[in-house]
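Remarks on the structure that follows.
It should be emphasised that the depicted structure is a prediction, and the values quoted were computed from it without experimental measurement. Every number for a ligand or one of its atoms is a count from 1 in the order of the listing.
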Amino acid sequence: MNPTSSPHDLLLVIGLAWAAIASLALAGLIWQLWSLRRRLLDLTGGDGSLSPRRSIREAMTHLQAIVAAQHNLLAQTSRTRDQLRDAARSAERLRRQQWAAQQLFARLDEGVFMASHDGKVFEVNPALEDMLQRPAHQMRERRLGDVLAPEDAPFFQNLCGNILQLGHWEGRLVLRRADRSAFPAFLRLLSLLDDAGRPQYLLGVLQDLSPVEETRAQLHQLTHHDPLTGLQNRASFLDEVDAILQADPERHWLLAIIGIDRFTIVNDTLGPHLGNRILVQVAARLRHALQPSERLAHLGGDEFVLLMPLVAPESSHARALERAGTFLESLRRPIELKEPRYTLKLTGSLGMAVFPHDGRRADELVQAAHLALLQAKSSGGDQAALHDASMSQLVTRRFHLEQGLRHALERREIEGFLHPLISAQAGQLEGFECLMRWRHQDGAYVPPEEFIPVAEETGLIIPLTTWLLDQACLHLASWRNQTGKPLFLSLNVSPRQLLDPKLPDLLIRTLHKHRLDPTALMLEITESGLVGSIVLVRERILQLAMRGFLIAVDDFGTGQSTLSLLNELPIDKLKIDQSFIRDRIPQDAEAVKIVEAMLALAKGLQLAVVVEGVETAEQAQFIRQRLPTALLQGFLFGAPQPLHAWDGLLLEGKLPSYDWNKEKGA
Ligand code: C2E
Ligand code: CA
Ligand code: CA
């Protein structure tokens, strides 16, 4: 690209050379011919006649010389022709090189510019126009710093000042387009020297790094974040926490795991698609509750993990509980889903571990916090627990329970027990509550309070209750025939089952199998289960009521207030919880007031009542006087008995009953 040499100039030089060589050759030939003529004149004596002094041999020698000279001339001409051909070839090569350079300049993806050594741009390629979104004419004759608009202007100015000494430079810069938007670029700057070694031009090649950096950022996002919630993922979080703990080992840190209570139930019922939408909302809420010094990540499933510094270790416990309270509160607001519309009321539990007390590495802290989370969940959820050493025992026990429960049905370790329900008015048997018992391999009964929550969490409650209902119906059908009484069964339905879309069909099928109709079955739904996920529960209860099942609110008075729901839902019965009756009625004035209010409420709403925990005659009398239509359940009428034990009692006509006159019955 030397501006002084062009192919046209070269062709002119070659033409001139060719003309000079050709005229020299012509002059040589003329001279040869002229000397031949002279020699011929010598031979003929000047007048054309042959001289005797000249021999024919001499003439021949001269002729040979002439032929040789002609040969020489021809050889010289052919050499000149070769030289000319070579010159034409190199001109062609030069022309092609120049063409290629122009093409390259025009089509290169990199932006290229040339500037004078004092930093004024005089040539730019189209890629640079695209990159900076500036037409070439706006760049020519302008200062390089103004054209590239680097973010770090002083550095760039310094660089341009030193490039003559440096010779070349390359590195990353952030430049600005014409619209002032910034982008990262890689610049190679080269100072070009002339033949005398003086700096002549600046050549710059620019590569736009934004696509590369975007891809890198995407890759980082993919490998370090969870695509669903956009939060950091487990692996990346653990790495980062380890780095933080190592960098600042003197500090105290709190690692907390937040889990959504009974999320498996929600996920199973609504399906993973809606389950994921819930997780996205939960993630957003937790993120919103976050403080600048805290980190949040998605541990997997319904679990999220937090790391926060504890400023003063002595007040750390209070501080940890305060923060835990904030996060749990953020989960309590109902979650609204659109299409399909659902309003869900969820709660969360939180398990906490402290560095360095509960572990020195991130994975140890996660394990410890997990134990605490299990503790919080098994204490009913919607609460926080701090890790302590005794928890690992608790978790081991739970693990064994879960393993054992998985095989309990096939090992015939599950038994059905029935607890009679007696009418307050007549003291007669009306029905039974079905209760589940698990006699473990080692012979001991596992308390229902311990295994029922495990069965609910693992989903085992569904096959277990199906089995229990089938067994109870089998017996009830024959007792109905024997006694001629329309005895009914009251079945506990856990929240997990209530949300199971297959529940209504399953119940109908089982009753049908034993030729029983839906009025033979009352479904006990706990008060806390009712408010769990309002819309879904409402839909399911309506569905069940329309099929003819009776619905009772179990443990009434212990959960959050469901008074408004009582009006809206097709509820038939309230089961007043035993905690208000046992050991409290009639001596505890407050319990008396509560129970009286509940009975009045039931009367007002025209709901039937079952009172649990009736252990004494006074208690039975107390209820009977205020609400004669109530049903009574309690140890006054006997403890729950296995199904087969009832076979014998009913066959012998020994029905549980209560004789108000005698004060005591069998
Ligand atoms: P719940 O549904 O409130 O059942 C009543 C519990 O109170 C039964 O205990 C019953 O034996 C007990 N009870 C009733 N009257 C008295 C009394 O006068 N004195 C005393 N001390 N206790 C009385 P159980 O069978 O131990 O059941 C405990 C809980 O386990 C039940 O409370 C229920 O929540 C759960 N459960 C039991 N069986 C099942 C089941 O098949 N499915 C489900 N989902 N839960 C069940
Ligand atoms: Ca019950
Ligand atoms: Ca109860």
Side-chain angles (χ1 to χ4, degrees), residues 262 265 378 380 405 408-409 413-422 431-439 444-473 488-500 503 506-507 510 521-530 532 550-559 573-585 595 598 609-620 622-623 630-643 645 656 658:
R262 296 193 177 105
I265 303 177
S378 48
L405 201 56
L409 259 184
E413 292 170 11
I414 301 294
E415 296 167 14
F417 274 54
L418 296 184
H419 205 195
L421 302 166
I422 308 289
F432 299 96
E433 175 176 7
C434 305
L435 295 164
M436 209 180 293
R437 293 286 177 271
W438 176 20
R439 193 208 292 262
Y445 280 103
V446 182
E449 286 80 3
E450 207 173 338
F451 79 84
I452 296 285
V454 178
E456 285 189 4
E457 262 172 57
T458 52
L460 288 166
I461 192 74
I462 294 176
L464 289 174
T465 317
T466 308
W467 176 88
L468 177 65
L469 177 67
D470 184 55
Q471 291 296 305
C473 285
F488 72 94
L489 292 173
S490 199
L491 185 74
N492 291 291
V493 177
S494 75
R496 174 161 201 151
Q497 276 184 296
L498 189 67
L499 297 178
D500 179 2
L503 180 71
L506 179 89
L507 298 177
T510 311
L521 192 61
M522 182 162 85
L523 302 174
E524 297 190 12
I525 298 162
T526 56
E527 195 175 26
S528 52
L530 268 183
L550 298 172
I551 310 287
V553 179
D554 200 2
D555 298 348
F556 186 70
T558 59
K573 274 193 173 69
L574 298 183
K575 277 194 90 169
I576 296 180
D577 193 63
Q578 52 178 296
S579 59
F580 299 103
I581 312 292
R582 277 172 57 195
D583 308 325
R584 290 183 76 182
I585 296 290
V595 174
M598 288 196 282
V609 172
V610 181
V611 181
E612 256 177 25
V614 179
E615 292 190 348
T616 66
E618 290 98 310
Q619 289 165 350
F622 178 93
I623 305 295
L631 288 181
L632 307 176
Q633 179 184 2
F635 286 7
L636 176 64
F637 317 104
Q641 300 285 331
L643 280 164
Y658 193 77

Check contact between K575 and ligand 1, using heavy atoms of the residue and a distance below 4.0 angstrom.
no

I576 side, atom CD1; T558 side, atom OG1 - distance, nearest 0.5 Å
11.5 Å

Under 4.0 Å to a heavy atom of E449 - the qualifying atoms of ligand 1, by number:
28 (C)

Would you compute the distance between atom CZ of R582 and atom OG1 of T616 and round it to the nearest 0.5 angstrom?
12.0 Å

From atom 12 (C) of ligand 1, is the closest protein heavy-atom distance below 4.0 Å?
yes

Check for me whether T465 has a heavy atom closer than 4.0 Å to any atom of ligand 1.
no

Contact bool for atom 17 (C) of ligand 1 (protein heavy atom, d < 4.0 Å)
yes

Considering residues at least two apart in sequence or located in another chain, which fulfil the ring pair (Phe, Tyr, Trp, His ring centres under 6.0 Å) criterion with Y445?
none

Under 4.0 Å from atom 32 (O) of ligand 1, is there at least one protein heavy atom?
no

Residue, atom name and distance, where the atom is the protein heavy atom closest to atom 4 (O) of ligand 1
E433 OE2, 3.5 Å

Assess the residue pair L506 and D500 against the criterion (side-chain contact (heavy atoms from CB on, under 4.5 Å)); give the C-alpha distance rounded to whole Å, side-chain angles, the decisive distance to 0.1 Å, and a yes or no.
CA-CA 10 Å; L506 179 89; D500 179 2; over 6 Å; no

Distance in Å, L435 CG paired with L491 CG, rounded so as to fall on 0.5 Å steps:
9.5 Å

One finds that the ligand 1 atoms under 4.0 Å from a non-hydrogen atom of G613 are 15 (N), 16 (C), 17 (C), 18 (O)

Which ligand 1 atoms, with their elements, are less than 4.0 angstrom from a heavy-atom of E615?
17 (C), 18 (O), 19 (N), 20 (C), 21 (N)

Would you give the length of the straight line joining atom CZ of R437 to atom CG of L468, rounded to the nearest 0.5 angstrom?
10.5 Å

If we number the atoms of ligand 1 from 1 as shown, the ones under 4.0 Å from a heavy atom of D555 are 3 (O)

So, K575 and E433, do they make that salt bridge, N to O below 4.0 Å?
yes

Pairs satisfying salt bridge (charged side-chain N to carboxylate O under 4.0 Å, His left out), at least one member in residues 413-422, at least two apart
E415-R439

Of the backbone atoms (N, CA, C, O) and the side-chain heavy atoms from C-beta on, which set of L435 has a member under 4.0 Å from an atom of ligand 1: side chain, backbone, both, or neither?
both

With only distance considered, is R582 within less than 3.5 Å of ligand 1 through an N or O on each side?
yes

Shortest protein contact, atom 30 (O) of ligand 1 (heavy atom only):
P448 CB, 3.4 Å

Would you tell me which option among R437, E524, Q633 has the nearest heavy-atom contact to atom 25 (O) of ligand 1?
R437

State whether a side-chain donor-acceptor pair under 3.5 Å links Q578 with D555.
no

Non-hydrogen protein atom less than 4.0 angstrom from atom 38 (N) of ligand 1
yes

Out of the candidates V610, I581, V614, V611, only one should pair with Q633 under the side-chain contact (heavy atoms from CB on, under 4.5 Å) rule; please name it.
V610

For atom 7 (O) of ligand 1, is the nearest protein heavy atom under 4.0 Å away?
yes

I'd like to check which ligand 1 atoms, numbered from 1 as shown, lie under 4.0 Å from a non-hydrogen atom of L468.
41 (O)

Compare every heavy atom of F637 with every heavy atom of P656, then report the nearest pair and how far apart it is.
CB-O, 4.3 Å

Any F556 side-chain heavy atom under 4.5 Å of M598 side chain
yes

Can you sort out which atoms of ligand 1 are near F635, meaning under 4.0 Å from one of its heavy atoms?
16 (C), 17 (C), 18 (O), 19 (N), 20 (C), 21 (N), 22 (N), 23 (C)

Taking both backbone and side-chain atoms of M436, is any N or O found less than 3.5 Å from an N or O belonging to ligand 1?
yes

For atom 14 (C) of ligand 1, which protein heavy atom lies nearest, and how many Å away is it?
H419 CE1, 3.2 Å

Counting non-hydrogen protein atoms only, what is the nearest one to atom 46 (C) of ligand 1? Give residue, atom name and distance.
I452 CD1, 3.6 Å

For ligand 1, the portion of Q578 having any non-hydrogen atom under 4.0 Å away:
side chain

Distance (rounded to the nearest 0.5 Å) between L421 CG and L418 CG:
9.5 Å

Measuring from atom OG of S490 to atom CG of D554, what distance do you get when rounded to the nearest 0.5 angstrom?
7.5 Å

Ligand 1 atoms nearer than 4.0 angstrom to some heavy atom of D554 are 2 (O)

Minimum heavy-atom separation for V454 and T458, please, with both atom names.
O-OG1, 2.7 Å

Does NZ or CZ of K573 lie under 6.0 Å from the centre of the six-membered ring of F488, at an angle within 45° of the ring axis?
yes

Under 3.0 Å from the Ca ion (ligand 2), protein N/O/S atom count?
4

heavy-atom search around atom 43 (C) of ligand 1 in the protein gives N492 CB, 3.4 Å

Residues forming a salt bridge (Lys or Arg N to Asp or Glu O under 4.0 Å) with D470, sequence neighbours excluded
K513

So, for F580 and I585, which heavy atoms are closest and what is the spacing to 0.1 Å?
O-CG1, 3.3 Å

